[in-house]
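Beneath this line is the structure, given in structure tokens, with notes to follow.
Below, read A as the first sequence line, B as the second, and so on, with proteins coming before strands; counting in each chain starts at 1.
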Amino acid sequence: MSSRRLSESFFLGPDVVEISRKLLGKVLCSRSPSGRITGGVIVETEAYAGAGDRASHAFGNRRTGRTAVMYRRGPVAYVYLCYGLHWLFNIITNVEGVPHAVLVRALQPVRGAALMARRRGLDKGDPRVASGPGAVSRALGISSAHSGESLLGRRVWVERGRSIPPDMVCSSRRIGVSYAGRDARRPWRFFIRGNACVSRRDLNRNYENN
DNA sequence: CAGCAGATTGACT
DNA sequence: GTCAATCTGCTGC
């Protein structure tokens, strides 16, 4: 049987915006310390385009304790604490020294959905289980311990899933980056049209036609 | 060292 | 719609 996992080459391309779009429909999975696997179809992403992107933690090649892993060769996880309480999960792409990242903003649970719902304190099937970047990490059991982890390893990885027809892919400006000047308006958020698990659906109407 | 903003979420008016 | 929870890193005194 051939591996369902995406291989390293998928993540090493030079265009993180394209990778962000192509991750829609893929399946993000994690394994808990006790061996339980949870995962969901990626239905919403955002691209953060490195040193030249004012919205990125790596703008201007800034380096801090938490952003060090952004400069590693992809694919590795970059997980950081937002507002002091939410873990946000990113996939670092490209070669060493180029801090490209894709934020995974929403999943549709497909493996271990009951456990994902329990971690969130919601009923299985509730579309909010992994809707929003903080919810994604919580549903998958991801925290700072995963930052720097290779996505080719045993704790967190991405599987092939199925391809999404181009006419089902919508884009918009990224959420919550109004501080980023002209980069705030770049259409680097991608989501699957009409999918119930996509976050901030109140903002999506204007973009449904792409 | 104090103050503040932030790639968010959920509870409450 | 408003607001608090609570950590990291930046700015300015």
Spacing between [X] atom [atom1] and [N] atom [atom2], to the nearest angstrom:
X        : N      : atom1 : atom2 : answer
A/Trp87  : C/dT8  : CH2   : P     : 8 Å
A/Arg138 : B/dG10 : CZ    : C1'   : 12 Å
A/Arg174 : B/dT8  : CZ    : P     : 12 Å
A/His86  : C/dA5  : NE2   : C1'   : 8 Å
A/Tyr80  : C/dT6  : OH    : C1'   : 15 Å
A/Arg201 : B/dT8  : CZ    : C1'   : 19 Å
A/Ile175 : B/dT9  : CD1   : P     : 10 Å
A/Leu85  : C/dC7  : CG    : C1'   : 9 Å

| request: Considering only atom P, compute the distance from C/dA5 to B/dT13 and round it to an integer number of Å. | output: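 About 15 Å, rounded to a whole number of Å.
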
| field | Spacing of the C1' atoms in C/dA4 and B/dC4 (rounded, Å) | value | 16 Å

| request: Check every strand shown and say whether A/Arg66 touches a base, only sugar-phosphate, or nothing at a heavy-atom separation below 4.0 Å. | output: sugar-phosphate

| query | Under 4.0 angstrom, heavy atoms only, what part of the nucleic acid is A/Arg62 near: base, sugar-phosphate, or nothing? | reply | sugar-phosphate

| request: Would you please test A/Ser131 and A/Ser199 for side-chain hydrogen bond (donor to acceptor under 3.5 Å, both in side chains) and show each step? | output: CA-CA 5 Å; A/Ser131 180; A/Ser199 74; 5.1 Å; no

| Are the ring centres of A/His57 and A/Tyr80 closer than 6.0 Å? | yes

| Where the side chain of A/Pro133 is defined as all heavy atoms beyond and including C-beta, which of B/dT9, C/dC10, B/dA7 is the nearest nucleotide? | B/dT9

| query | Considering only B/dA7, C/dC7, B/dT9, which nucleotide approaches the side chain of A/Leu81 most closely? | reply |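 Of B/dA7, C/dC7, B/dT9, C/dC7 is nearest to the side chain of A/Leu81.
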
| request: Evaluate whether atom CZ of A/Arg201 has more than 12 neighbouring non-hydrogen atoms of other residues, nucleotides or ligands under 6.0 angstrom away. | output: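 Result for CZ/A/Arg201: enclosed.
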
| said: Which residues in residues 101-127 of chain A have a heavy atom closer than 4.0 Å to any atom of DNA chain C? | reply: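 Those residues whose heavy atoms fall under 4.0 Å from DNA chain C, taken from residues 101-127 of chain A, amount to none.
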
| message | I need the minimum non-hydrogen distance between A/Tyr71 and A/Arg63, along with the two atoms involved. | response |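 Taking A/Tyr71 first and A/Arg63 second, the nearest heavy atoms are CD2-NH2, 3.5 Å.
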
| remark: Minimal heavy-atom distance between A/Arg120 and A/Val129, with the atoms involved, is NE-O, 2.8 Å

| Does the side chain of A/Pro109 come within less than 4.5 Å of A/Thr38's, by heavy atoms? |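 With C-beta onward as the side chain, the pair stays apart.
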
| request: Determine whether A/Leu152 and A/Pro75 make a side-chain contact, defined as any pair of heavy atoms from C-beta on separated by less than 4.5 Å. | output: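 Yes; the side chains approach each other to less than 4.5 Å.
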
| Within 45 degrees of the axis of the six-membered ring of A/Tyr48 and under 6.0 Å from its centre: does A/Arg174 put its NZ or CZ there? |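 A/Arg174 over A/Tyr48 ring: yes.
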
| Ring centroids of A/Tyr83 and C/dA5 base under 5.5 Å with planes under 30° |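 Answer is no, no stack.
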
| Of the options A/Val156, A/Leu140, A/Leu103, which is the one that meets A/Phe89 in a side-chain contact (heavy atoms from CB on, under 4.5 Å)? |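 Of A/Val156, A/Leu140, A/Leu103, side-chain contact (heavy atoms from CB on, under 4.5 Å) with A/Phe89 is met by A/Val156 alone.
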
| field | Range-with-range stems of DNA chain C (Watson-Crick or G-U pairs under 3.5 Å, three or more in a row) | value | B:1-6 with C:7-12, B:8-12 with C:1-5

| said: By the definition side chain to side chain donor-acceptor pair (under 3.5 Å), identify the one residue from A/Arg105, A/Arg200, A/Gln108 that meets it with A/Glu44. | reply: A/Arg105

| said: It should be established whether A/Tyr179 places a side-chain nitrogen or oxygen under 4.0 Å from OP1 or OP2 of nucleotide B/dA7. | reply: yes

